[in-house]
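First up is the structure itself, then whatever we jot down about it.
Residue numbers begin at 1 in each chain, while the letters A, B, ... track the order of the sequences. We use all heavy atoms of the structure for the numbers below, so side chains are in, but hydrogens, waters and symmetry mates are not.
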Protein chains: 2
Amino acid sequence: MNTKFDIENFITDFANSCQKKQKKVFSKNEVVTTYIKNRNQLCILLDGNADLVRYDLNGNRTIVEHFSKNALFGEVFYTITTNNELLVEAKSNCTVLFYIYDDIFHKCRNNCKFHQTLSENLPQLILNKVTDLNMRIELLTKRSTRDKLLGYFSLLSTRKLSTSFELPFSLTDLADYLSVDRSAMMRELKLLKEDGFIEKIGNRIILLYK
Amino acid sequence: MNTKFDIENFITDFANSCQKKQKKVFSKNEVVTTYIKNRNQLCILLDGNADLVRYDLNGNRTIVEHFSKNALFGEVFYTITTNNELLVEAKSNCTVLFYIYDDIFHKCRNNCKFHQTLSENLPQLILNKVTDLNMRIELLTKRSTRDKLLGYFSLLSTRKLSTSFELPFSLTDLADYLSVDRSAMMRELKLLKEDGFIEKIGNRIILLYK
DNA sequence: TATTTTCCGTTGCAAAAGCAACACATTATG
DNA sequence: CATAATGTGTTGCTTTTGCAACGGAAAATA
């Protein structure tokens, strides 16, 4: 039913065609890009991990999205309506392809293969974003830190098809992702262990309930 | 820069073409539709108000989205990954157009005008959803009830281009939308009045800070 | 219009979450 | 390798939030 989309081929096309692209390498903790109003940038994470981070006026930090290899991001997927700063921060050494559009929904004059593939698949790619966003909203609407943690773990477990999985975040960052206080989250994590819901070995979580 | 899209004409095209459509009328509190996995339904709210509501396993109710006249909704805009029930509930008498797709991104055999307009504009329509979802996430990541209220009010104020505006929700529903306890929200609302942040006359809020 | 239902506003109390501080472990870096 | 920076784990205390309950207002309904 879903339009299958070969991201590997897409990236190859991208790398081999379009003139306006740019490839850059970043080291850990560098700012990959800042989201800017009325710019349409499409970015592809060729390698590494990065987070989309928002800083609000109170200085609170929120991890809005987490990107790993082959993730697509940029203003193309985030029409900006906030005044807060939106940064993409490299969590490890990263390689990123950049492309800036005038109008993302129209092909370039050259009519290159990349653009053709892109405009054909963009709707589906955006729809994938919508799915992610809806899952995130479901997490954030949970009323307690415990439910947020369990909800997030269950999501990771479903993705990995296993009750045992690595956290893609440090615990500090996980708190920023779930939008809760870190020490309160650590306390709840301890209680989840004591109550027999989870086991935790380093960065690995094992879900003990079905 | 943005593709402008005439929703009124679109609806007229819809009403006049495509065979598979259905028009239904609902009274207040009726269930307009239930979201079903692997179905692609597109719904247009011709008149009235409705909410997309999720009930979780603890019985908590969350208002996921609020729809008013001309809103588009349905599984087309919500790839389902949750096990929770997703219902659209009529908040007033409603008139709704329904259409079910096999594949939303491809035109129907008849190649009717509606379908042409739809497939041309769907990416932009989905992108509008993304914008809404990102705003909602920004609200939900705020750490306190106070910040959620102020954030939501400031959003409504920006939309209406005025510091004075009607709430589209009852206060009970507003709490379900912000994902907080109603009585705690009422308490915070009182404090916001006492601290001179807002005035509240019936359903109308006036923001007193710039 | 009388009656039922829903919503608003409030409160006391209990539970959860946030804040701040600290020691220790682990990981980067000169 | 020494040192600095960052992340983990913990705790006491304060603040915020949730829960439950209730009376009255407003709205829907018979």
- Side-chain contact check for A/M186: nearest option of D/dG7, D/dT10, C/dC8 is D/dT10
- Message: In this structure, how many angstroms lie between the P atom of C/dA17 and the NZ atom of B/K148, rounded?
- Response: 11 Å
- Message: Tell me the interatomic distance from A/L178, atom CG, to C/dA16, atom C1', rounded to whole angstroms.
- Response: 16 Å
- Query: Rounded to whole angstroms, how far apart are CZ on B/R182 and P on C/dC7?
  - Reply: 10 Å
- Query: Does NZ or CZ of A/K23 fall inside the cone over A/F98's six-membered ring, less than 6.0 Å from its centre and within 45° of the axis?
  - Reply: no
- Task: Classify the nucleic acid contact of B/S183 as base, sugar-phosphate or nothing, counting any heavy atom under 4.0 Å across all strands shown.
- Result: base
- Query: Within this structure, what is the CD1-to-P distance between A/I63 and D/dG7, rounded to whole angstrom?
  - Reply: 10 Å
- Message: At 4.0 Å (heavy atoms only), tell me whether A/K200 reaches a base, stays on the sugar-phosphate, or touches nothing.
- Response: sugar-phosphate
- Message: Can you work out whether A/R143 or A/T172 has the more 5'-proximal nearest nucleotide on DNA chain D?
- Response: A/T172
- Task: Output the single nucleotide from D/dC19, D/dT8, C/dA17 whose closest atom is nearest the side chain of B/D181.
- Result: D/dC19
- Task: May I ask you to decide if B/Y177's main-chain N or O and B/R136's side chain share a donor-acceptor pair within less than 3.5 Å?
- Result: yes
- Task: Measure the distance from CD1 on A/I205 to P on D/dT8 and round it to the nearest whole Å.
- Result: 11 Å
- Query: Among side-chain atoms of B/N128 and B/Q124, is any donor-acceptor pair under 3.5 angstrom?
  - Reply: yes
- Specify the separation, in whole Å, of atom NZ of B/K142 and atom C1' of D/dT17. 18 Å
- Message: Measure CG/A/L171 against C1'/D/dG9 and give the value in whole Å, please.
- Response: 9 Å
- Query: Between atom CD in B/E188 and atom C1' in C/dT11, what is the gap in whole Å?
  - Reply: 16 Å
- Message: Please confirm whether the shortest side-chain N or O distance from A/S144 to OP1 or OP2 of C/dA16 is below 4.0 Å.
- Response: no
- Query: Picking from D/dC13, C/dG9, D/dG18, which would you name as closest to the side chain of A/R187?
  - Reply: D/dC13
- Out of D/dT8, C/dG18, C/dT11, which nucleotide sits closest to the side chain of B/K190? C/dT11
- Note on the structure: Scanning both residues in full, the closest heavy-atom pair of A/V76 with A/N40 reads CG2-C, 4.1 Å
- With heavy atoms under 4.0 Å as the rule, sort B/R146 into base, sugar-phosphate or nothing. nothing
- Message: On a heavy-atom basis, which atom in B/L140 and which in B/L178 lie closest, and how many Å separate them?
- Response: CD2-O, 3.9 Å
- Note on the structure: The answer to which of B/K91 and B/A184 contacts DNA chain C further toward the 5' end, by nearest nucleotide, is B/K91
- Query: DNA chain D: B/V180 or B/K28, which has the more 5' nearest nucleotide?
  - Reply: B/V180
